[in-house]
Number of protein chains: 2
Amino acid sequence: MTRRSTSVTIRDVARNAGVSVATVSRYINRNAPVSDAVAARLDAVMGDLKYAPHAAARSLAMRRTQTIGLLLLNMHRDFFAPLISGVEAIVSQKGYNLLVATSRPSMRKNVQPPIGAHNTDGLLVFADSLDDEQIYRLYQKKFPVVLIHRTAPKNAPVPSVTVENKAATRKSIDHLIEVHGRRRILFMRGPAHQEDSYWREVGYLASLEDHGIPFEDTLMLSGEFESEIAYANLKKFIETGATPFDAVFTGDDDAAIGVLEALKDTGKRVPEDVAVIGFDDLRLTSFLNPPLTTVRAPTDEVGRTAAAQLFRIIDKQVPESTILLPTEIILRRSCGCQS
Amino acid sequence: MTRRSTSVTIRDVARNAGVSVATVSRYINRNAPVSDAVAARLDAVMGDLKYAPHAAARSLAMRRTQTIGLLLLNMHRDFFAPLISGVEAIVSQKGYNLLVATSRPSMRKNVQPPIGAHNTDGLLVFADSLDDEQIYRLYQKKFPVVLIHRTAPKNAPVPSVTVENKAATRKSIDHLIEVHGRRRILFMRGPAHQEDSYWREVGYLASLEDHGIPFEDTLMLSGEFESEIAYANLKKFIETGATPFDAVFTGDDDAAIGVLEALKDTGKRVPEDVAVIGFDDLRLTSFLNPPLTTVRAPTDEVGRTAAAQLFRIIDKQVPESTILLPTEIILRRSCGCQS
DNA sequence: CCGTTTACTGTAACCGGTTACATTATGTCA
DNA sequence: TGACATAATGTAACCGGTTACAGTAAACGG
């Protein structure tokens, strides 16, 4: 009679209902028929015992955690709210739980990531929250992984979901050149080695080339997808007697915010003196002053799509190898439209 | 030799290192001395077997999941990014995992919440993502719970962490009246039964009373802490030949955005015709047009504090019963300051 | 030199579920 | 009516860890 744990187990339910644990388990999981009489008794017993199955025990027995993991770089940016939201929607709809963790590159020294094969059934990996090596290891184990905003390493062809970066950026630069007659367009690049950042840069260069505008490396500044950094770098650029410029493509909306501030603080009018275009279409950018022309990235949908792909793998279906969600330029005042 | 699972277990490690499973377990958990020779051998073996302990098995044996749960209402609002971020920081620092789930009141019909005693060691409950009844049940079981932006039911005195709502709102209204001479102040209330919403309303009424301004119920509109709803309701209010008003306290920044738009679309100038004050200080509000006067709520810190309190309970220390984090008015242009 | 710690290790019984296999009762069909 | 499928249930062996208990060898104290 010495009960070690205070929690009520499946054996308690079985005893009180006068059946075996196997029957209880079957009824709970609805995977084998149970007589109506027994079913009713079980409902009653489970009701007053307030029985809740122990997740760890179930995971252990079934070799399935019923949990998927989302690995992020950090969660400070507003960008992650819609991403998590999209992922969570699909995950909960599938009856799974969502484990969220961050993995900054700095802490990745030989330490195994906080989530992985040992505690989830699949992993959503944002950008470089894991390095190629770690992704390869998961791939080797055939562990379900979907990459977000990052393409797969050559030796580990796992599915990925990202957004169209290059074409949208190119069209944005085209727009600045063709519609607004800008030719000295500053590009604020994102973090090095970040793929979004890379492809946006490629799009920028492609557009310049299309229009026969020579690339000037003084017109490329680091914005790091962060408003403070973008602000500081642009301000310094302007104050230290800068190369003239008549437009800025900021690489992302966060940086765009810093850019708008820096321009305001240095007395430049947007869009008259300098046209500005961002990327992401964060929820509040239409209310900025002036409203920000930007590229809409369907971040919520990225989250949903990635989660859906992951479940395809888990359910032994064939996932798409790469999904590139379309982006769309949202013309507002900061580029000179709607003035 | 018929291995059922392909995964490498502690027994594999034990066999390859020529020791017992108990020794391996002790070495992994560093909870009993192990000879240097054995330690070295284990490091080597675990290295090439790429052994990773199975979380579920460990949880089952230790009766501890090493996971805490965060229960939210929904994650669409930018408000949740800093909250999750703050929680995650503390949780990961403690070596725990974070399970995130949403529980909309509509889905709460007799269904047990997705996270709870069965799969976490403690729960952070945001606002009314659980009802009094459910909180009481957890309290009865002595299950660690900390409430966020919500106070405890009388029969379940669990700790809570929230922000100062009433005083800050009162000071905001005082400011509108005393500094800017406004007397017809519209109040956009939040969701019914939401505590933040309730206390902000109380603060509003208190300030009116202090200044001998009679409350008019036509000056109270529903904003629901959502920009679209606030926009629609205010616009309708104005267009249907409204009671005149010279200021709006919007209850939250999301609603404030809708309010600013509605005012712009109906040709009212902010702050000349109508002063506006929000609540939360979302990251982008200083860049709105005009920059939004608002009350800064330290949401990231709320997350960190709540997580820290939860760990106090888990670690058998005594938590604070209620923590009310201070808020602060941030004066910008929308109320008439800094013009 | 002997009794007593102390350091290290092993055996096996848990933790709370699932499920392969066996068993019984009932219904179906030739 | 006998052979056989089917429904409903039970027994017990897992899943992969932890840890109580026990044992051995070396160190220590008097």
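Chain A is the first sequence line, chain B the second, and so forth, proteins listed ahead of strands; every chain is numbered from 1.
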Worksheet item: Has the side chain of A:Arg11 got a donor or acceptor atom sitting under 3.5 Å from an opposite partner on the base of C:dG17?
Response: yes
Discussion item. Checking B:Asp43 against B:Tyr27 for the side chain to side chain donor-acceptor pair (under 3.5 Å) test, could you report, in this order, the C-alpha distance in whole Å, the side-chain angles of both residues, the deciding distance, and whether it holds?
Written reply: CA-CA 10 Å; B:Asp43 278 334; B:Tyr27 180 60; 3.0 Å; yes
Practice prompt. Nearest whole angstrom, please: distance from the C1' of C:dC15 to the CG of B:Leu60.
Written response: 4 Å
Worksheet item: If we ignore angles and hydrogens, is there a donor and acceptor under 3.5 Å between the side chains of A:Glu88 and B:Thr102?
Response: yes
Worksheet entry | Residues from residues 34-53 of chain A lying under 4.0 Å of DNA chain D - heavy atoms | A:Val34, A:Ser35, A:Val38
Worksheet entry | Test item: A:Asn97 side-chain N/O and B:Asn119 main-chain N/O as donor-acceptor pair under 3.5 Å | no
Worksheet item: Will you find, in the side chains of A:Thr65 and A:Asp121, an N or O donor that is under 3.5 Å from an N or O acceptor?
Response: yes
Worksheet item: Are any non-hydrogen side-chain atoms of A:Val91 and A:Phe311 less than 4.5 angstrom apart?
Response: yes
Practice prompt. Starting at the 5' end of nucleotides 19-24 of chain D, put B wherever the base has a protein heavy atom under 4.0 Å, S where only the sugar-phosphate does, and a dash everywhere else.
Written response: BBB---
Worksheet item: Rounded to whole angstrom units, what separation is found between the NE2 atom of A:His54 and the P atom of C:dC15?
Response: 11 Å
Discussion item. With a 4.0 Å limit, can you tell me whether B:Ser7 has a side-chain N or O closer than that to the phosphate oxygens OP1/OP2 of D:dG16?
Written reply: yes
Fill in: Validation row, ring centre B:Phe79 to ring centre B:Phe126 under 6.0 Å
yes
Worksheet item: CZ of A:Arg63 versus P of D:dC14: gap in Å, rounded?
Response: 11 Å
Fill in: Among B:Gln140, B:Glu133, B:Gln134, side chain to side chain donor-acceptor pair (under 3.5 Å) partner for B:Arg137
B:Glu133
Worksheet item: Does OP1 or OP2 of C:dC15 have a side-chain N or O of A:Thr9 closer than 4.0 Å?
Response: no
Worksheet item: Are any side-chain N or O atoms of A:Thr23 and backbone N or O atoms of A:Val19, one a donor and one an acceptor, separated by less than 3.5 Å?
Response: no
Worksheet item: What closest approach, in Å, do B:Ile10 and B:Ser25 show between heavy atoms, and which atom pair accounts for it?
Response: CD1-N, 3.7 Å
Worksheet item: In whole angstroms, how far is the P atom of C:dA7 from the CZ atom of B:Arg30?
Response: 18 Å
Worksheet item: Once you round it to whole Å, what is the distance between C1' of C:dA7 and OH of B:Tyr27?
Response: 17 Å
Worksheet item: Could you walk me through whether B:Glu195 and B:Thr162 pass the side chain to side chain donor-acceptor pair (under 3.5 Å) check?
Response: CA-CA 10 Å; B:Glu195 287 192 17; B:Thr162 182; 5.9 Å; no
Worksheet item: Nearest-Å distance, NE2 (A:His118) to C1' (D:dG17)?
Response: 14 Å
Item to complete: Take the C1' atoms of the five end pairs on each side of the helix from C:dC1-D:dG30 to C:dA30-D:dT1, get both axes, and report the angle to 10 degrees.
Response: 30°
Discussion item. In this structure, how many angstroms lie between the P atom of D:dT18 and the CD atom of B:Gln66, rounded?
Written reply: 11 Å
Item to complete: Nearest whole angstrom, please: distance from the P of D:dG10 to the CD1 of A:Ile10.
Response: 12 Å
Item to complete: Go through the side-chain N and O atoms of A:Arg58 and A:Asn29 and say whether any donor and acceptor fall under 3.5 Å apart.
Response: yes
